[in-house]
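Note on naming: letters A, B, ... go to the chains in the order of the sequence lines (proteins, then strands), and numbering restarts at 1 for each one. Source: prediction; values computed, not measured.
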2 protein chains.
Amino acid sequence: MTESLDRTRLAAWRAYIEASQRLFTQLEEDLRADSALSFADYHVLVLLSEAPGQRLRMGELASRLVFSPSRLTYQISSMQRRGLVARESCPQDGRGSEAVLTAAGLLTLRDAAPHHLNSVRTNLMDDLDDAEVACLTRIFERLGRRLRAERDASTTHPHS
Amino acid sequence: MTESLDRTRLAAWRAYIEASQRLFTQLEEDLRADSALSFADYHVLVLLSEAPGQRLRMGELASRLVFSPSRLTYQISSMQRRGLVARESCPQDGRGSEAVLTAAGLLTLRDAAPHHLNSVRTNLMDDLDDAEVACLTRIFERLGRRLRAERDASTTHPHS
DNA sequence: TAGCACTACTTCAAACTTCAACTACCTTCG
DNA sequence: CGAAGGTAGTTGAAGTTTGAAGTAGTGCTA
């Protein structure tokens, strides 16, 4: 490990984190401005709406959201209080529980989605040409696949 | 706004947020594993170490970190308690204060930096070829520039 | 040069996140 | 079967983040 990151890659890294922070902040702000949902709320609603039976196990949801178990418990409790989801215990596995999308949750999502997608478009995508979109997809799909795999490996074999 | 985001761009967006979440989580974990610093702590130390006089105004620091003022106040207080930075009131402007890097802070940074840069390299950069690095830089430098400009404009002219 | 609007930062309470127990249930192997 | 050990999710305390309100100092302008 002589020079860990060359000048070019360091610049790339810095541009990426700074702009990403700004982008996430801006999207969160836009979302709250026209929907009473946080980014996390929105993402939970999207995942549930796409799941078969509009329901997902807590663990599955946590791993897709990249949330710790306790963070997800809190998140779902909060959404349950607001009537966006319900919690049901899992019939196959008595330890488990599932989050289920409610009718109100679905309506809220349908209301919020166009605004949010529009915000993603104007804050990020409008500026990218097709080649850039392709590049972004390639980089981050590969990265996501690798990080997911590494995480799975490290939970299966708890030590290096 | 008929179809806000085409299929390709939606996929790009999803890959980007998911992988970014995983990456940030992993980097944070690596950083804590060998340094007792959070990602925010590390970033504060980097910015201060590069500033003239190794000191920065709170506002400047907040805007570069993309932190709210109160979040920065808390962050700096916490680092001050741990001896990483000191707080001095600004001579030019009696309202302001500056965060100053301490000797201990600098040592801590020098200790942590190689590990952290290595983690950025292995978790992200090793997988990218030069063209991808160039693409990443171009996309995110442009994005950062635009978001920074928009934020400035909206604080100068508080209403649309 | 006094007043008024503005800026820089801090504070406080409430909401959120983490981390380390803890509960309850499943699994497997003697 | 029935303990031992693992897994799924929750809880509680401590730490962090937010957002609104507060404090103090600046700078324009009349």
Side-chain angles (χ1 to χ4, degrees), chain A residues 21 24-29 31-33 36-44 55-82 85-100 152 154-159, chain B residues 21 24-26 28-29 31-33 36-44 55-82 85-100 151-152 154-159:
Chain A
Q21 295 298 1
F24 295 149
T25 303
Q26 185 61 52
L27 290 173
E28 182 99 38
E29 197 171 293
L31 199 48
R32 298 194 106 97
L37 293 174
S38 69
F39 198 73
D41 296 333
Y42 181 86
H43 203 169
V44 169
R55 67 183 53 233
L56 283 170
R57 287 289 293 268
M58 297 300 271
E60 178 63 18
L61 206 40
S63 94
R64 294 210 212 165
L65 289 165
V66 198
F67 271 29
S68 67
S70 61
R71 181 177 179 187
L72 185 65
T73 294
Y74 182 90
Q75 175 70 40
I76 294 299
S77 302
S78 147
M79 294 180 74
Q80 190 177 21
R81 269 198 308 282
R82 289 177 289 152
V85 303
R87 220 200 223 89
E88 291 181 14
S89 65
C90 178
Q92 282 75 41
D93 185 339
R95 295 165 300 183
S97 51
E98 303 182 318
V100 190
D152 288 356
S154 80
T155 50
T156 308
H157 292 293
H159 27 278
Chain B
Q21 294 299 1
F24 295 149
T25 303
Q26 185 61 52
E28 182 100 37
E29 196 171 295
L31 199 48
R32 298 195 107 99
L37 293 174
S38 69
F39 198 73
D41 296 333
Y42 181 85
H43 203 170
V44 169
R55 65 182 56 232
L56 282 171
R57 286 288 294 270
M58 297 299 271
E60 178 63 18
L61 205 41
S63 94
R64 293 209 212 167
L65 289 165
V66 197
F67 271 29
S68 67
S70 61
R71 181 178 181 185
L72 186 66
T73 294
Y74 181 90
Q75 174 70 40
I76 294 299
S77 303
S78 148
M79 293 180 75
Q80 190 178 20
R81 268 198 308 283
R82 289 176 288 152
V85 304
R87 218 199 223 88
E88 291 180 14
S89 65
C90 178
Q92 282 74 43
D93 184 339
R95 295 164 298 182
S97 51
E98 303 181 320
V100 190
R151 173 143 304 277
D152 289 355
S154 80
T155 50
T156 308
H157 292 293
H159 26 279

**Polar contact flag, side-chain donor to acceptor under 3.5 angstrom, B:Arg82-B:Ser78** = yes
**Prompt:** When the distance from CZ of A:Arg71 to P of D:dT16 is rounded to whole Å, what number comes out?
**Reply:** 16 Å
**Request:** To the nearest 0.5 angstrom, please state how far the CG atom of A:Leu72 sits from the CG atom of A:Leu61.
**Result:** 5.0 Å
**Message:** In this structure, how many angstroms lie between the P atom of D:dT11 and the CD1 atom of A:Ile76, rounded?
**Reply:** 14 Å
**Message:** Could you tell me the boundaries of the chain B footprint on DNA chain C, defined by atoms under 4.0 Å from its heavy atoms?
**Reply:** C:dT7 to C:dT11
**Complete:** Quick tally for nucleotides 2-10 of chain D: nucleotides whose base has a protein heavy atom under 4.0 Å get B, sugar-phosphate-only ones S, the rest -, giving ----BBSSB
**Fill in**
So the side chain to side chain donor-acceptor pair (under 3.5 Å) pairs with at least one residue in residues 58-72 of chain A (sequence neighbours excluded) are A:Glu60-A:Arg64
**Request:** Return the minimal non-hydrogen interatomic distance between A:Arg95 and A:Asp93, and the atom names on each side.
**Result:** NH2-OD2, 2.7 Å
**Prompt:** Excluding sequence neighbours, so at least two apart, what forms side-chain contact (heavy atoms from CB on, under 4.5 Å) with A:Ala40?
**Reply:** A:Ser38, A:Phe67, A:Gln75
**Item:** 5' precedence on DNA chain C between A:Ser78 and B:Ser77 (nearest-nucleotide basis)
**Value:** B:Ser77
**Request:** Find the distance A:Glu28:CD to D:dT18:P and express it as a whole number of Å.
**Result:** 9 Å
**Asked** How close or far is atom P of D:dT16 from atom CE of B:Met79, stated in whole angstroms?
**Response** 12 Å
**Message:** Rounded to the nearest 0.5 Å, what separates atom CG in A:Leu37 from atom CD in A:Glu28?
**Reply:** 10.0 Å
**Item:** Under the salt bridge (Lys or Arg N to Asp or Glu O under 4.0 Å) test, residues paired with A:Arg55 that sit two or more places apart
**Value:** A:Glu88, A:Glu98
**Request:** Respond yes when some side-chain nitrogen or oxygen of B:Tyr74 is under 4.0 Å from OP1 or OP2 of D:dT17, and no when none is.
**Result:** no
**Prompt:** Relative to the ring of A:Phe24, is the ring of B:Phe24 parallel (under 30°), tilted (30 to 60°) or perpendicular (over 60°)?
**Reply:** perpendicular
**Message:** Just the rounded figure in Å: distance from P of D:dT11 to CD of A:Gln75.
**Reply:** 16 Å
**For atom CZ of B:Arg81 and atom C1' of D:dA14, their distance in whole Å** = 12 Å
**Request:** Please identify each residue that fulfils salt bridge (Lys or Arg N to Asp or Glu O under 4.0 Å) with A:Arg87, with sequence neighbours left out.
**Result:** none
